[in-house]
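Scroll down for the structure; my scribbles are underneath it.
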Amino acid sequence: MSNTTLTYRGGHTGFENKTIGIAMNGITGRMGYRQHLLRSIFPIRDAGGFTLADGTKVQVEPILVGRNEAKIRELAELHKVSEWTTTWTP
């Protein structure tokens, strides 16, 4: 579920841009929502990701996973998360 876009400038391979999908199960609960999603993943995503020592830029995109479709859909719409599911098969 992750997309990888490689951008090379002047032949140097250190300038790669990667997006990784992070499947997050149980995010409708207090701990999953507040601690993991609101205080960790969203701030990284909203800041544009992070840069590794070799210059690779990494963006994170959460994939919301849960049993209650209404709750998952509501959170996805509220936080502009494009991928969510109630059935997960790794």
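Predicted, not measured: the structure shown is a model, and the values here were computed from it.
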Roughly how far, to the nearest 0.5 Å, is the CG atom of Leu52 from the CD atom of Glu16?
9.5 Å

Can you find a pair of side-chain heavy atoms, one from Lys18 and one from Thr56, that are under 4.5 Å apart?
yes

Would you mind reporting whether Thr28 and Leu64 have side-chain heavy atoms less than 4.5 Å apart?
no

Does any non-hydrogen side-chain atom of His36 lie less than 4.5 Å from one of Ile22?
no

What is the distance from atom CZ of Arg45 to atom OG1 of Thr19, rounded to the nearest 0.5 Å?
12.0 Å

Hits for side-chain contact (heavy atoms from CB on, under 4.5 Å) against Gln35, two or more places apart or cross-chain, chain-then-number order -> Met31, Arg39

Looking only at heavy atoms, the pair that brings Thr86 and Asn68 closest together is CG2-C, 4.4 Å

Using the ring pair (Phe, Tyr, Trp, His ring centres under 6.0 Å) criterion, which residues pair with His79? Sequence neighbours excluded.
Tyr33, Phe42

Atom pair CZ (Arg34) and CD1 (Ile27), whose distance is rounded to the nearest 0.5 Å
12.5 Å

Can you list everything that forms a side-chain contact (heavy atoms from CB on, under 4.5 Å) with Ser40? Sequence neighbours excluded, please.
none

Heavy-atom closest pair (Pro62 atom, Met24 atom, distance to 0.1 Å) is CB-SD, 4.0 Å

Value for CD1 (Ile72) from CD (Glu77), rounded to nearest 0.5 Å, stands at 12.0 Å

Not counting sequence neighbours, which residues clear side chain to side chain donor-acceptor pair (under 3.5 Å) with Arg30? List them please.
none

Which pairs, with at least one residue in residues 61-72 and sequence neighbours excluded, count as a salt bridge (charged side-chain N to carboxylate O under 4.0 Å, His left out)?
Glu69-Arg73

What ring-ring contact (aromatic ring centres under 6.0 Å, His included) pairs are there with at least one residue in residues 44-69, not counting sequence neighbours?
none

When rounded to the nearest 0.5 angstrom, what is the spacing between CG in Asn25 and CD1 in Ile63?
12.0 Å

